There are 2 protein chains.
Amino acid sequence: MPDPERSTELLWGTRARRGLDLDTIVRTAIDLADREGLGAVSMRRVAEVLGFTTMSLYRHVPGKAELLDLMRDAVTTPPGDEQPADWRSGLEAWARAGLALYQRHPWLIESSGPRAVPGPNAVAQFERALSIVAATGLPPAQIVAVVTLVGGFVESAARQVVHTIAAERESGLTHEEFWGARDSLYEHLDRYPTLSRIYEQGGYDEPLDPFEFGLQRVLDGVATLVRDEKRDESWCVVCGDPVAVTGKGRPKEYCSRACQQKAYRKRTSAPGRDPG
Amino acid sequence: MPDPERSTELLWGTRARRGLDLDTIVRTAIDLADREGLGAVSMRRVAEVLGFTTMSLYRHVPGKAELLDLMRDAVTTPPGDEQPADWRSGLEAWARAGLALYQRHPWLIESSGPRAVPGPNAVAQFERALSIVAATGLPPAQIVAVVTLVGGFVESAARQVVHTIAAERESGLTHEEFWGARDSLYEHLDRYPTLSRIYEQGGYDEPLDPFEFGLQRVLDGVATLVRDEKRDESWCVVCGDPVAVTGKGRPKEYCSRACQQKAYRKRTSAPGRDPG
DNA sequence: ACATGAAGTATACGCCATATACTTCGGAGG
DNA sequence: CCTCCGAAGTATATGGCGTATACTTCATGT
């Protein structure tokens, strides 16, 4: 069948380039997600943007799930290697960097779940957090738990921000416009005394930033834990075994009379050292 | 197109219909979601279970979005009216009740967003939390922020649990089975020193319960805030104006010499009261 | 020169929400 | 008693989705 269009293409060499690779597909999908949200990322849509058919993508990627895995890994930046001054400022910076990543790529929030296989960059971020928290001297299981807590907090706070932005784009209404139009809801709220009182006292006039407020509370909570652990878990300076702490009087330094004696002998036999 | 106004009407209204009625539809949908997950809730599926055509549902509910709104409020139990001993135990119980709700109805996690119109029960729960936190004496905006923080924490912790359970059902593999089979991932983890060390020290052998651990840290953080606010925001017992706190010596009780004198006069003139 | 196999394509299936236009049927009014 | 109305329920269609299957095209290696 004669096809003048096809002939023109061939003659003038403007035919769509054959050459579609994984990297291009992933980048295109990320671009689409950044600009129009995860909902805009469909195999059809990605292929359309690239000027290929839907099924052409399946030559390079097994399915949509895997495409999302690749997108996630591609945007996750590994941590820098500056050493933080202390665990608190380190965790604070780590949390802020996490929020920033979610803000750059809001679709990350919806795309990840507890079965998402982590890539090298994600693990590097996790390693970083562990090493920061390890400086507290907390026992291993608590280090993991603290990182899980702070990580969960960041994700949770990011989810609020990101959902709000997504809803604004999809509906064309800002947060304030949307809730401002819910008159039929507010009519019912008089029945709730504390809610009404707090509203009247201006509790909603200038809401505190949930991320900054929450982060400080969570870190305060971790600080409390660090202090407590320091207080009631002390170690014998000789053998390293735990020493029971009574909380009264001068803190014990040795776990037993034997260790105390060992330290004494070492002290008195050492040259150039005042005897105790 | 989701219609929040209509949802508000349905959630808060008292109108009832006959035949295939709203209540039946909502209950059926909840049942479906409880048993097979939110993914199983489609208009087709709900109608099929009820023995009607898909479109028959639209006689009673405007669309799927509104159906979800109704499902959400239907399963949200209003708070009891027992008075908590103190804000901390009150918030703790509130948080646990929240987690339990999510565990009873895991689909709640995925169904709600920041634009979900709250029904009477959800608002009652919010009111409850506000009244508990109000007992701390924190300023209004901080009360709201604390409730937001704890609510967010509960949702975040619930999301972990619920996603894990959902993934187990969908894949037929337990959490341990799934991650146990990721050998090709673990091969790469030697490069991360802290991660390896913590693993070797048994940091993953008996993980701390993320909910219980996190909740205590968050509440510790709130407690720190309450103490701090108490310390540097004190009020004159006579006129209520703020009193500057130096942090050293006996805390001042009066904002000025005038108030101190006023209190003295009142004290000495009161009958049946020892002069100070 | 021709087989091979990868790249890209066309079509189809079974899901989804829902718009539109229909049939059915109980009950109120004439 | 009949007629008509409006609500309840139905049938069909549209345009989206992921992807299975089977095809054409075409550069390359022998």
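As the structure is a prediction and not an experimental result, all values here were calculated from the model. Within every chain, numbering begins at 1; the chains are lettered A, B, ... in the order of the sequence lines, protein sequences first and strands thereafter.
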Next on the checklist: Base of dG16(D), side chain of R44(A) - is there a donor-acceptor contact under 3.5 Å?
Outcome noted: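 Looking at the base of dG16(D), it does not pair with any donor or acceptor on the side chain of R44(A) (distance under 3.5 Å).
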Using whole Å, report how far [atom1] of [X] lies from [atom2] of [N].
X      : N       : atom1 : atom2 : result
L38(B) : dC16(C) : CG    : P     : 13 Å
M43(B) : dA19(C) : CE    : C1'   : 13 Å
M55(A) : dT24(D) : CE    : P     : 17 Å
Y58(A) : dA22(D) : OH    : C1'   : 16 Å
I25(A) : dG8(C)  : CD1   : P     : 8 Å
R45(B) : dA17(C) : CZ    : C1'   : 17 Å
L57(B) : dA8(D)  : CG    : P     : 13 Å
L22(B) : dA7(D)  : CG    : P     : 17 Å

Next on the checklist: Quick check: do I109(A) and L38(A) have side-chain heavy atoms less than 4.5 Å from each other?
Outcome noted: no
Next on the checklist: Quick check: do L20(A) and S56(A) have side-chain heavy atoms less than 4.5 Å from each other?
Outcome noted: yes
For the side chain of [X], starting at C-beta, report the closest nucleotide among [options].
X      : options                   : answer
L20(A) : dG9(D), dT11(C), dG8(C)   : dG8(C)
S42(B) : dT18(C), dC16(C), dC17(D) : dC16(C)
T54(B) : dT18(C), dC16(C), dA10(C) : dT18(C)
R59(B) : dA21(C), dA7(C), dG18(D)  : dA21(C)

[X] side chain to [Y] main-chain N or O, any donor-acceptor pair under 3.5 Å?
X       : Y       : answer
T164(A) : Q160(A) : yes
E200(A) : L195(A) : no
T148(B) : V144(B) : yes

Checklist entry - Base, sugar-phosphate alone, or nothing: which one does S56(B) contact when heavy atoms must sit under 4.0 Å apart? => result base
Checklist entry - Would you say the side-chain atoms of R44(A) and T54(A) include a donor-acceptor pair closer than 3.5 Å? => result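 Note: R44(A) and T54(A) side chains miss the donor-acceptor criterion.
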Item to check | D21(B) and T24(B): side chain donor to acceptor below 3.5 Å | outcome: yes
Checklist entry - Using a cut-off of less than 4.0 Å, is there contact between a side-chain N or O of H60(B) and OP1 or OP2 of dA7(D)? => result no
Checklist entry - End-to-end bend of the helix from dA1(C)-dT30(D) to dG30(C)-dC1(D) (five-pair axes, 10° rounding)? => result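 The end axes of the helix from dA1(C)-dT30(D) to dG30(C)-dC1(D) are about 30° apart, to the nearest 10°.
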Item to check | R128(A) charged N/C atom sitting above F126(A) aromatic ring, 6.0 Å / 45° | outcome: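 No, a cation-pi geometry is absent between R128(A) and F126(A).
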Checklist entry - Should the pair R182(B) and Y186(B) be classed as cation-pi, given the thresholds of under 6.0 Å to the six-membered ring centre and 45° from the axis? => result no
Checklist entry - Using a heavy-atom distance cut-off of less than 4.0 Å, which residues of residues 46-53 of chain B contact DNA chain D? => result F52(B), T53(B)
Checklist entry - When you look at R217(B) and V218(A), which way does the side chain to side chain contact (heavy atoms under 4.5 Å, CB included) test go after all the steps? => result CA-CA 6 Å; R217(B) 300 296 80 72; V218(A) 169; 5.8 Å; no
